[in-house]
Amino acid sequence: MPHDLPKAYEPGAIEARWAEYWIKEKLFSVPTPPPGETRPVFTLLLPPPNVTGRLHMGHMLNQTQMDIIVRWHRMRGFLTLWLPGTDHAGIATQMMVERQLAKEGKKRSDLGREAFIERVWEWKRHYGGAILDQMKRLGASVDWDREYFTMDENLSRAVREVFVRLYEEGLIYRGKYIVNWCPRCETAISDLEVKHEEVPGKLYEIRYPVIGSSEFITVATTRPETMLGDTAVAVNEADERYRHLRGKSVLLPLMKREIPIILDELAKPEFGTGAVKVTPAHDANDFQAGLRHNLPQIEVIDEHARMNENAGVYARLDRFVARERIVEDLQAQGFLVGVKDYVVPLGKCDRCGTVVEPRLSTQWFVKIKPLAEHAIEAVEKGEITIVPENYKQIYLNWMNNIYDWCISRQLWWGHRIPVWHCGKCKTMVVAREAPTKCTNCGSADLQQDTDVLDTWFSSGLLPFTTLGWPEKTRDQEVFYPTALLITAYEILFFWVARMIMFGCHFMAGHHQDPLIKQASGWADKKDDSVPFRNVYIHALVRDAERQKMSKTKGNVIDPLEIIEQFGTDATRFTLAAMAAPGTDIAFNESRTEGYRAFANKIWNVARFMFMNLDRVEASLRPALAGSETRPHMGVAGFEPTTLEDRWILSRFNRVARDVASELEDYRFHEAANGIYDFFWGEFCDWYLELIKPRLNSADAAEVRTACGNLVSLFEAALRLLHPIMPFITEEIWQAIYEGRPPVKSIALAAYPQADEKQIDLAAETDMAVLQDLIVSVRNLRAELKIEPKMRVPIEIYAHGNGTRALIEQNRGAVERLATVEKLAFVESSLAKQTGARSTARFDLHVVYERKIDVETERKRLRRDLEPVEKEIQNKESQLGKEQFVAKAPAHVVEGLRKRLEELRILRDKLKRQLDELG
RNA sequence: GGGCGCUUAGCUCAGUUGGUUAGAGCGCGUGCUUCACACGCACGAGGUCGCAGGUUCGAGUCCUGCAGUGCCCACCA
């Protein structure tokens, strides 16, 4: 065993070494089990980070939580598969490479599509692994042999299969619709990729002259440049103000075009003048109204957000320049009625922040309602459980109000749409593989659709495509549905909802291997088409000021820097300890500093243990390490011979029991805090201190037992902690076995399972009395300003059952931990003395010859007495109420009575002491 | 416009189905070179649980209103 451990724990090298070992030994690789497998299975899909990504706190939190759950299951004997991979991230990656090209003074069009895509692959080969390398540093226990990339050939084939099937089922259609257009990215983007902001702007009121009348109709707009494309003015049928103008037309200013006045619900009488301009080509609402009234669609803004040839004299102007020019001209010609300050809702591109332009264009859509139905049902019926529960309602609201999904993107990087257009007859050939001739006319003049699919289209398929779909594989029988998905709220709609829709649709009729389903605890679930049984939505990590981290704000905390500074274990522990479900995490470095100290504490327990083991004959040590008896579900080879032994064993089992239920409910913070308090507050502060005399005993057998117990309990505690702090626990655990561990890694050892029989209430209450006594002496010593090293005599009057025997038996502990000599028992209550403390179980007197300032002492007694009297009053009035006694549960009333009794005894003692002082 | 959170010690946060004395870490004060650990040990100070009502024998916890604050969704010119 190591003799020369450094005093302070240095995580850097140790963590790197084990991370590498785990991967090299393929400890987390899961081969496909043959039929007949009866182990429970736990599958989890890593939400694929973008290939362009760098690890941020969100990933770190997400992966820490996943790794905790995954390691926990693995140690409990689940066949545990955690599938890693990366997403090709269409726009993000393309932008990255375009930026690179820009530095060379080139554009993607200079290269051409093929060369550009080759360039992206090259980029991916070079830099795409960065985020996974960072993951390895975190110790994420994923199966690296199954790593995927969303554009791998097999996954791409599955994407084409899905597209073709949906098309054949009539669930994919192509059409000219208003879409959100990003002029910078030059592509359509989905509704979800538009971020809405409210910014101060202007509302322009423009009057349109009514033809054949001297009247005007005034309309309002925040985007005056769109008026060039107006093809009607709408008023509401119920609006009496415009009754006389029905059937008439107006002359569109600047364009001198005659456009009709129509009656449409689009116009709300209560808003402004009640009249609204209609621009079907540049506004989603107007588009719908245009369809209702068969209006022409006149496009005036092009894909670069410049005015086009339909815009007359404004052609080629940027939309915002045109806006100013048009407003000036309207003013000059007397059509501008007014300009008001107005808060304008503005849609911006999620990626680049450019103001999105609603634009008419031909795109591919998924008809979403039929897919949503099953996806709604799966959640409503509890086939999928979403935690925290409030997200369930958010999910259902969204799914019930869902619009068709625009899936085409005018990008080059991505899954190209598997549709070929015939140059001759214009037929669209939708096919799994590139066709050689047109299915309609036989022409070989076929051009593949230039668009690619939205990234989320392919990632929405991952739960089954990573398991070999569309082939029917054994992997699917075993690992699908996955057990759990842990992810951030932000992608609930982008990704989670789509996975549910696709999973329910394409895996309908799928049945998980019944043996495995049963063993994994899913017997009550009816629907095996769902992509996962549970979804846990984790919180957002914010900075210490609760601000959302963002690059533009410059408040991003780099997890790698934190890791560098404090270690991965400490960082993981921080995130776990702060991750209460449903609330955001304000990341605070001082916490991580504290958990580094925790790692250091554990390290020093190891040093202490090894130091003591050195005193035992070498031949006995392997037996103490317990290679024969471990791995074991609980604490192996522990022989409780003393109160502290029974107590720590009880505490350990209680904590193990609590941790199990806390992790079951994703209450990471409670599990983490529970282990922390046990390790530091109980195991280190009390148990280790209490057993020191035994470790130093002259009796070899006693030393041997004490050492054995120490190793045994510490080893079990390491396993308990391992899912949260994998590195330090592995390091010490391996050291305990001197290079000959019973299994290759602590990660494969058994997770401690609570043994109810070892929970010992009597030991816990006895120990509490002892602790109370020791703390009381220390407290009095401090108050009396007694020299730290000076051993003082104490007197104790013990009452209550067995209190005296208890203290007698543990006299040595009290004397040592409280620096006491001559612990004496007296036969009557110790009311007289100063330097005294009373509790329900004992009166304590520290015998110390020192001039007591009577006044100070009186003050102290009064200060002690006050809250006691207050509480007594409280309890008395409470118990005096008939209602309370009648209605409150018996144990509450009983508890109150007991407490009151104790308080009364205490009060009497304090009062007598006060009287004695005069 | 709709929806959802948050407000507890100086700071950052816990506190599941209402139940006896509201907790932690950091920070703060006092004292300790105690032979595992100063990334430590011992002892301590510090809270009208945002405000106002209500339900209840009992409210940090449930309800209503108000005030701050944050987020998400939304095609109102």
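Every chain is numbered from 1 and lettered A, B, ... according to where its sequence line falls, protein lines coming before strand lines.
Spacing between atom CZ of A:Arg591 and atom C1' of B:rG27 amounts to 13 Å, rounded to whole angstrom units. Rounded to a whole Å, the CZ atom of A:Phe608 is 13 Å from the C1' atom of B:rU34. The CG atom of A:Asn612 sits 11 Å away from the C1' atom of B:rC35 (whole-angstrom rounding). Between the C1' atom of B:rC4 and the CD1 atom of A:Ile386 lies a distance of 15 Å, rounded to the nearest Å. A:Lys789 places its NZ atom 13 Å from the C1' atom of B:rG31, with the value rounded to the nearest Å. Separating the CH2 atom of A:Trp398 from the C1' atom of B:rC72 is a distance of 13 Å, rounded to the nearest angstrom. For the pair A:Phe493 CZ and B:rC4 C1', the interatomic distance rounds to 11 Å; values are reported in whole Å. Atom NE2 of A:His282 and atom C1' of B:rC76 are 20 Å apart (whole Å).
If you take atom C1' in B:rG50 and the same atom in B:rG3, they sit 23 Å apart, rounded to whole Å. B:rA59 and B:rC72 are spaced 37 Å apart, taking the P atom of each and rounding to whole Å. Of the P atoms belonging to B:rU8 and B:rA52, the separation is 16 Å, rounded to the nearest Å. B:rU61 and B:rA77 have their C1' atoms separated by 47 Å, with the value rounded to a whole Å. B:rG47 sits 29 Å from B:rC39 when the C1' atoms are compared, rounded to a whole Å. Across B:rU17 and B:rA38, the matching C1' atoms stand 44 Å from one another, rounded to whole Å. Between B:rC4 and B:rC66, the distance separating the two P atoms is 15 Å to the nearest Å. For the C1' atoms, the distance from B:rG70 to B:rC28 is 30 Å, rounded to whole Å.
Within the nucleic acid shown, A:Ile394 has no heavy atom closer than 4.0 Å to any nucleic acid atom. Base engagement by A:Tyr403 is indicated by at least one non-hydrogen atom pair under 4.0 Å involving a base atom. Residue A:Gly274 is classed as a base contact, given a heavy-atom separation below 4.0 Å to a base. Within 4.0 Å of A:Phe287, counting heavy atoms only, lies no atom of the nucleic acid at all. Within the nucleic acid shown, A:Leu900 has no heavy atom closer than 4.0 Å to any nucleic acid atom.
Here the side chains of A:Leu263 and A:Tyr242 are not in contact, with every heavy-atom distance at 4.5 Å or above. Taking the side chain as every heavy atom from C-beta outward, A:Thr568 and A:Pro11 never approach each other to under 4.5 Å. Residues A:Arg572 and A:Met725 are not in side-chain contact: their nearest non-hydrogen atoms beyond the backbone lie 4.5 Å or more apart. Counting only heavy atoms from C-beta outward, the side chains of A:Val219 and A:Val276 never approach each other to under 4.5 Å.
Distance alone, capped at 3.5 Å, is enough to place a donor-acceptor pair between the A:Lys268 side chain and the A:Glu265 backbone. Although no hydrogens or angles enter the test, the distance criterion places a donor-acceptor pair under 3.5 Å between the side chain of A:Asp404 and the main chain of A:Ile368. Looking only at distances, a side-chain donor or acceptor of A:Asp569 sits under 3.5 Å from a matching main-chain atom of A:Ile728.
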Using atom types as modelled, flag every donor-acceptor pair under 3.5 Å from a side chain in residues 678-685 of chain A to any protein atom, sequence neighbours excluded.
from	atom 1	to	atom 2	distance (Å)
A:Glu682	OE1	A:Arg651	NE	3.0
A:Glu682	OE2	A:Arg651	NE	2.9

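Checking the phosphate oxygens (OP1, OP2) of B:rG15, a side-chain nitrogen or oxygen of A:Arg667 falls inside 4.0 Å. Side-chain nitrogen and oxygen atoms of A:His669 include none within less than 4.0 Å of the OP1 or OP2 phosphate oxygen of B:rA24. Taking only side-chain nitrogens and oxygens, A:Lys692 never comes nearer than 4.0 Å to OP1 or OP2 of B:rU34.
Not counting sequence neighbours, the partners of A:Tyr595 by the ring-ring contact (aromatic ring centres under 6.0 Å, His included) test are A:Phe573, A:Tyr676. Every residue two or more places apart in sequence or in another chain was checked for a side chain to side chain donor-acceptor pair (under 3.5 Å) with A:Asn600, and none qualifies. Checked against ring-ring contact (aromatic ring centres under 6.0 Å, His included), A:Tyr208 has no partners two or more places apart in sequence or in another chain. Here A:Phe494 pairs with A:Trp456 under the ring-ring contact (aromatic ring centres under 6.0 Å, His included) rule; sequence neighbours left out. In this structure A:Glu225 satisfies the side chain to side chain donor-acceptor pair (under 3.5 Å) test together with A:Arg323, sequence neighbours excluded. Every residue was checked against the side chain to side chain donor-acceptor pair (under 3.5 Å) condition with A:Arg778, not counting sequence neighbours, and none meets it. Taking A:Ser661 as the reference, nothing meets the side chain to side chain donor-acceptor pair (under 3.5 Å) condition, with sequence neighbours excluded.
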Nucleotide by nucleotide, nucleotides 38-45 of chain B touches protein heavy atoms under 4.0 Å in the pattern (B base, S sugar-phosphate only, - none) SBSSSSS-

Please write out each protein N/O paired with an N/O of nucleotides 56-62 of chain B under 3.5 Å, distance rounded to 0.1 Å.
from	atom 1	to	atom 2	distance (Å)
B:rC57	OP1	A:Lys887	NZ	2.1

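Distances were taken from every side-chain heavy atom of A:Lys268 (C-beta onward) to each of B:rC76, B:rU12, B:rC72; the shortest belongs to B:rC76. Across B:rU12, B:rG25, B:rA36, the shortest atom-to-atom separation from the side chain of A:Met578 is found for B:rU12. Closest to the side chain of A:Pro788, out of B:rG31, B:rU12, B:rA36, is B:rG31.
A heavy atom closer than 4.0 Å to some atom of RNA chain B occurs in A:Ala220, A:Thr221, these being the qualifying members of residues 217-229 of chain A.
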Review point. Under the side-chain hydrogen bond (donor to acceptor under 3.5 Å, both in side chains) criterion, do A:Lys392 and A:Thr385 qualify, and how do the steps go?
Key: CA-CA 8 Å; A:Lys392 175 180 173 181; A:Thr385 308; over 6 Å; no

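For the pair A:Tyr489 and A:Lys277, both in contact range of RNA chain B, the more 5′-proximal nearest nucleotide belongs to A:Tyr489.
No N or O donor and acceptor, one from the side chain of A:Glu205 and one from the base of B:rA77, sit under 3.5 Å apart.
Residues A:Pro280 and A:Gly290 share a closest heavy-atom pair of CG-CA, 4.2 Å.
RNA chain B forms stems at B:1-7 with B:67-73, B:10-13 with B:23-26, B:28-32 with B:40-44, B:50-54 with B:62-66, each a run of 3 or more consecutive Watson-Crick or G-U wobble pairs whose two key distances fall under 3.5 Å.
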